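In this text, all values refer to a predicted model and were calculated from it rather than measured experimentally. Lettering follows sequence order; numbering is per chain, from 1.
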Amino acid sequence: AQKVTQAQTEISVVEKEDVTLDCVYETRDTTYYLFWYKQPPSGELVFLIRRNSFDEQNEISGRYSWNFQKSTSSFNFTITASQVVDSAVYFCALSGRETSGSRLTFGEGTQLTVNP
Amino acid sequence: DSGVTQTPKHLITATGQRVTLRCSPRSGDLSVYWYQQSLDQGLQFLIQYYNGEERAKGNILERFSAQQFPDLHSELNLSSLELGDSALYFCASSVSVNQETQYFGPGTRLLVL
């Protein structure tokens, strides 16, 4: 079975602080994909990043960066210089080619609150 | 805007009733997925269709069914509704079936009273 764990239920920071959201996953698949989605208060799910299991290069997109480490089965997400607009629930998700096809297994989500 | 549309945005109904949720995928996407988001279960995969055919099934109740039409839009039918079916139902679409990115619609918020 596949599993995604986001141990941080809620995080609260002050604007301009850096914040890291943790994601740990379990899968027996050798080929799998990891995702992060953002769910702002309006409710929609917004795609942020997709990473395959063979690409451990870290990625940076503006204030967002992702650290993928297969050795620890982690795919952590860092927001640099956080802003109030970053307040949302963030979900990490996993899709394993062999066992689950394209379906996404989501973590429980981390509620991030950025205070002015 | 992801390009995935869902109607209606909100639905309030009574126990025992039947409702239909509608989804139009992004232009060019052949796969449609349905997910349920509830407080106790989190985000859970329900079912996937690819080019009109059922492709994968998750924890979908027997009271629920779905289909994808020739124009690729999809409908999720929920019948004999119970209080516990109250949730946010998302539709997502992707190009095909190979772990591409799934883009989500705005969701339909269902409240069963």
Heavy-atom proximity to chain A below 4.5 Å, by part of [X]:
| X | result |
| --- | --- |
| B/L88 | side chain |
| B/S2 | neither |
| B/Q48 | side chain |
| B/K57 | backbone |

List the atom of B/S79, the atom of B/R63, and the distance in Å for their closest heavy-atom pair.
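Closest approach of B/S79 to B/R63, heavy atoms only: OG-O, 2.8 Å.
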A/Y37 versus chain B, the contacting section by heavy-atom distance below 4.5 Å
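A/Y37 touches chain B through side-chain heavy atoms alone.
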Under 4.5 Å from any heavy atom of chain B - which part of A/R50
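The answer is the side chain of A/R50.
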Taking B/L110 as the starting point, is it possible to reach B/L76 by hopping between hydrophobic residues whose side chains are less than 4.5 Å apart?
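As far as the 4.5 Å side-chain criterion goes, B/L110 and B/L76 are connected within one cluster.
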Same apolar cluster (I L V M F W Y, side chains within < 4.5 Å links), B/L78/B/I60:
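Yes, B/L78 connects to B/I60 through the hydrophobic network.
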Shorter than 4.5 Å, heavy atoms on both sides: which option in B/Y35, B/Y103, B/Y33 has the most such pairs with chain A?
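Maximum pair count with chain A is reached by B/Y35.
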Over 12 non-hydrogen atoms of neighbours within 6.0 angstrom of CZ in B/R26
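Yes, because the 6.0 Å sphere around CZ of B/R26 holds more than 12 heavy atoms from other groups.
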Under a 3.5 Å cutoff, is there a donor and acceptor pairing between the side chains of B/Q37 and A/Q39?
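Note: B/Q37 and A/Q39 side chains meet the donor-acceptor criterion.
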Who are the side-chain contact (heavy atoms from CB on, under 4.5 Å) partners of B/S96, not counting sequence neighbours?
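By the side-chain contact (heavy atoms from CB on, under 4.5 Å) rule, B/S96 matches B/Y50, B/N98, B/E100.
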